[in-house]
Amino acid sequence: MYKIGELFVYGVNGTCKIADIKTQNFSKNEKTYYILVPVFDLKETIFVPADNEKLVSKMKRILSPAEMNRLIKTIPEKETIWIENVNLRREEYKKIINRANRDELISLIKTLSERREELKQTGKNLSVCDEKLLKRAQGILHSEIAAVLQIPLNDVIPYIENAIHAA
């Protein structure tokens, strides 16, 4: 059983806090729910049935500050995963986002960020779909980095850049 106030990465919602644990009666069945609130989007509320193993398994513990700093230092070593075929790329990248695996998210963010820079050199932009996927991946990973390191969300990219250059 989790406790009120605990932080988790909850799938595509990024870092969430357990705001409450309540028994609710939504569909004639009384159930206990973890009531999650995304740390950087206080307008959203997520109800996770405590007895639903599949949904509860999406509640991944956040890293410690030391683990997060070690993860950040691995960014330069991560492989890029560019896929030329637009449909395959969209499908694979959505799967990565839905899994919310930190290493995969880093590879995805690195891939799309580098692609964006390459295109910028030729006066072009990243496709709208790729840009949205990049923002979603950054939202998940950056929310955890900000929460773990207790820094503002806007300071995450400069923090990462400084950490990598200092390594």
Side-chain angles (χ1 to χ4, degrees), residues 1-75 78-79 81 83 87-113 128-160 163:
M1 189 78 164
Y2 298 111
K3 298 178 192 137
I4 294 173
E6 283 188 81
L7 293 176
F8 295 90
V9 174
Y10 188 70
V12 299
N13 300 97
T15 304
C16 295
K17 180 179 186 175
I18 297 180
D20 206 351
I21 301 171
K22 282 188 176 177
T23 301
Q24 298 275 337
N25 192 350
F26 281 124
S27 59
K28 299 179 187 171
N29 295 337
E30 214 171 69
K31 285 186 176 186
T32 300
Y33 290 86
Y34 295 115
I35 301 170
L36 308 181
V37 177
V39 174
F40 296 100
D41 182 7
L42 301 176
K43 294 173 274 181
E44 188 175 354
T45 303
I46 304 156
F47 290 79
V48 179
D51 65 349
N52 186 320
E53 287 182 35
K54 183 177 180 183
L55 293 177
V56 171
S57 73
K58 291 173 65 178
M59 294 169 62
K60 298 177 188 171
R61 76 169 187 85
I62 62 170
L63 298 178
S64 70
E67 290 170 321
M68 185 58 74
N69 281 311
R70 279 194 297 276
L71 180 68
I72 289 169
K73 288 179 180 157
T74 69
I75 291 173
K78 298 290 183 208
E79 297 287 324
I81 51 172
I83 300 169
N87 293 328
L88 282 176
R89 184 171 65 243
R90 184 179 311 132
E91 187 178 312
E92 278 306 307
Y93 291 1
K94 282 181 182 178
K95 287 178 186 174
I96 289 170
I97 288 168
N98 287 331
R99 283 192 297 268
N101 174 286
R102 294 173 189 98
D103 290 317
E104 290 180 325
L105 288 171
I106 289 171
S107 289
L108 177 57
I109 293 166
K110 182 176 180 179
T111 299
L112 291 174
S113 296
V128 171
C129 180
D130 287 339
E131 193 68 49
K132 283 181 183 178
L133 291 167
L134 174 59
K135 296 286 183 221
R136 287 186 73 195
Q138 286 175 323
I140 297 166
L141 189 65
H142 291 184
S143 72
E144 183 178 11
I145 293 169
V148 167
L149 300 175
Q150 298 180 351
I151 61 175
L153 202 51
N154 291 338
D155 291 347
V156 169
I157 292 175
Y159 183 92
I160 292 170

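Position 1 is the first residue of the sequence, and the numbers go up from there. Note: hydrogens, waters and symmetry copies are ignored here, and every other heavy atom, side chains too, is used. In this text, all values refer to a predicted model and were calculated from it rather than measured experimentally.
- Residues I96 and N101 have side chains not in contact (no heavy-atom distance under 4.5 Å, counting atoms from C-beta outward).
- Shown here is E30, whose CD atom has more than 12 heavy atoms of other residues, nucleotides or ligands within 6.0 Å.
- We find the OG1-CD1 distance between T32 and I21 to be 9.0 Å, quoted to the nearest 0.5 Å.
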Candidate pair I62 and M68, rule side-chain contact (heavy atoms from CB on, under 4.5 Å), full reasoning: CA-CA 9 Å; I62 62 170; M68 185 58 74; over 6 Å; no
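- The shortest distance between side-chain heavy atoms of K58 and L55 falls below 4.5 Å.
- Of the inter-residue distances, the one linking I109 atom CD1 with L133 atom CG reads 11.5 Å to the nearest 0.5 angstrom.
- Between the side chain of K110 and the backbone N or O of K78 there is at least one donor-acceptor pair closer than 3.5 Å.
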Trace of the side-chain contact (heavy atoms from CB on, under 4.5 Å) decision for K3 with I18: CA-CA 7 Å; K3 298 178 192 137; I18 297 180; over 6 Å; no
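- Checked against the 6.0 Å centroid criterion, the rings of Y34 and F8 do not qualify as a close aromatic pair.
- Counting only heavy atoms from C-beta outward, the side chains of M59 and L36 approach each other to under 4.5 Å.
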Evaluation steps, side-chain contact (heavy atoms from CB on, under 4.5 Å), between I151 and V156: CA-CA 7 Å; I151 61 175; V156 169; 4.1 Å; yes
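- Inter-residue side-chain proximity for L141 and V9 is flagged as unmet; no heavy-atom pair is nearer than 4.5 Å.
- At least one donor-acceptor pair under 3.5 Å links the side chain of E144 to the backbone N or O of L63.
- Taking the centre and axis of the six-membered ring of Y33, the NZ or CZ atom of K22 falls outside the cone set by 45° and 6.0 Å.
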Working for side-chain contact (heavy atoms from CB on, under 4.5 Å), residues E92 and I81: CA-CA 10 Å; E92 278 306 307; I81 51 172; over 6 Å; no
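- The minimum heavy-atom distance linking P38 with N13 is given by the pair CB-O, 4.1 Å.
- Looking only at side-chain heavy atoms (C-beta outward), D103 and L71 come within less than 4.5 Å of each other.
- Residue T111 holds its OG1 atom at 10.0 Å from CG of L134, rounded to the nearest 0.5 Å.
- Taking all atoms of both residues into account, the shortest heavy-atom contact from A146 to F40 is CB-CZ, 3.5 Å.
- Residue I106 holds its CD1 atom at 4.5 Å from CD1 of I75, rounded to the nearest 0.5 Å.
- For the residue pair S143 and G14, the shortest heavy atom distance occurs at OG-CA, 3.5 Å.
- With S57 contributing its side chain and K54 its backbone, the two residues share a donor-acceptor pair below 3.5 Å.
- Between R102 and E67 there is no salt bridge, since no side-chain nitrogen of the basic residue lies less than 4.0 Å from a carboxylate oxygen of the acidic one.
- Taking CD1 of I83 as the start and CZ of R90 as the end, the distance is 12.0 Å to the nearest 0.5 Å.
- At most 12 heavy atoms of other shown residues, nucleotides or ligands fall within 6.0 angstrom of atom CZ in R136.
- Looking only at side-chain heavy atoms (C-beta outward), V128 and K132 come within less than 4.5 Å of each other.
- Distance CD1/I160 to CG/N69: 10.5 Å, rounded to 0.5 Å.
- For the pair S107 (side chain) and E104 (backbone), a donor-acceptor distance under 3.5 Å is absent.
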